[in-house]
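Only one structure is covered here, and it is reproduced in the block below.
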Amino acid sequence: MKSYRKELWFDVPTRRAFIHITPQVQECLRESGVREGLCLVNAMHITASVFINDNESGLHEDYEKWLESLAPHEPISQYKHNLTGEDNGDAHLKRQIMGREVVVAVTDGALDFGPWERIFYGEFDGRRRKRVLVKIIGE
Ligand code: ZN
């Protein structure tokens with residue numbers, strides 16, 4: 001069995017952003033040489049997400065609005081977590097609902113997506129370097 005591991009680094013200049021990372025994951029799959037197996041992609045930080053959905057900008061604006069209505073960043077005093085001196089209580093909650101990781105089947109050397117599925121990195125507390133892990137196993 002082949003096993004491949006790579007960290008993708010991001011340094012998002014804004015607090016929040018959604019970044020399409022399917023091309024980077026496909027490049028990892030090419031490097032791995034795996035034709036049949038599984039590809040795991042997970043955020044390595046508890047204020048960021050990896051998720052699969054449509055690559056459509058209106059949807060991403062809808063996510064931003066929806067997440068802000070569920071867990072507004074301000075006022076930061078509304079979160080007990082921020083009593084630690086941090087200001088990212090909202091980002092932990094946003095990460096929880098958008099998820100930590102995705103697993104995609106690898107079939108015939110390609111990510112075996114449904115028709116509109118694409119992989120995204122969701123940043124909720126950016127302006128610093130953060131990582132995504134790609135792990136691919138198979139034959
Ligand atoms: Zn925190």
Side-chain angles (χ1 to χ4, degrees):
M1 187 192 75
K2 288 177 180 159
S3 177
Y4 171 96
R5 182 188 189 278
K6 188 170 192 177
E7 293 175 1
L8 305 177
W9 285 86
F10 299 91
D11 192 352
V12 176
T14 52
R15 182 178 292 276
R16 289 187 297 279
F18 296 118
I19 299 171
H20 181 215
I21 63 169
T22 308
Q24 289 102 307
V25 178
Q26 286 169 328
E27 180 58 29
C28 291
L29 181 55
R30 273 190 289 276
E31 285 176 10
S32 76
V34 170
R35 304 284 304 169
E36 295 290 328
L38 291 172
C39 175
L40 166 76
V41 186
N42 70 267
M44 299 182 80
H45 300 261
I46 53 181
T47 54
S49 290
V50 171
F51 63 94
I52 289 179
N53 215 301
D54 197 357
N55 187 17
E56 195 280 303
S57 61
L59 177 64
H60 299 169
E61 289 178 35
D62 292 339
Y63 278 141
E64 166 65 14
K65 190 175 161 191
W66 178 63
L67 291 168
E68 244 346 78
S69 72
L70 288 173
H73 177 66
E74 304 272 358
I76 62 171
S77 61
Q78 73 191 299
Y79 299 105
K80 285 190 178 175
H81 177 67
N82 290 340
L83 295 173
T84 62
E86 293 187 271
D87 68 352
N88 64 5
D90 66 306
H92 290 273
L93 299 177
K94 287 164 175 151
R95 180 269 168 92
Q96 201 70 46
I97 203 158
M98 295 303 283
R100 171 183 181 265
E101 78 276 308
V102 301
V103 178
V104 182
V106 175
T107 304
D108 200 18
L111 297 172
D112 201 343
F113 284 133
W116 295 103
E117 290 187 318
R118 298 294 181 269
I119 307 172
F120 295 88
Y121 174 67
E123 178 61 81
F124 307 117
D125 185 27
R127 300 170 300 180
R128 55 197 168 99
R129 279 168 54 78
K130 292 163 81 168
R131 288 174 291 166
V132 165
L133 176 66
V134 180
K135 182 88 181 192
I136 303 169
I137 58 171
E139 299 292 341

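Counting starts at 1 for both ligands and their atoms, in listed order. All values derive from a computational prediction rather than experimental measurement.
- Of all the N, O or S atoms in H81, the one closest to the Zn ion (ligand 1) is NE2.
- By the criterion of side-chain heavy atoms lying less than 4.5 angstrom apart, applied directly or through intervening Ile, Leu, Val, Met, Phe, Trp or Tyr residues, F18 is grouped together with I97 in one hydrophobic cluster.
- Side-chain N or O atoms of E64 include none that pairs as donor or acceptor with a backbone N or O of H60 at under 3.5 Å.
- A donor-acceptor pair under 3.5 Å is formed between the side chain of N82 and the backbone N or O of N88.
- Residue E86 counts as close to the Zn ion (ligand 1), with an N, O or S atom under 2.8 Å.
- Between E123 and A48 the shortest heavy-atom distance is OE2-CB, 4.3 Å.
- Metal site remark for the Zn ion (ligand 1): N88 contributes an N, O or S atom at a distance under 2.8 Å.
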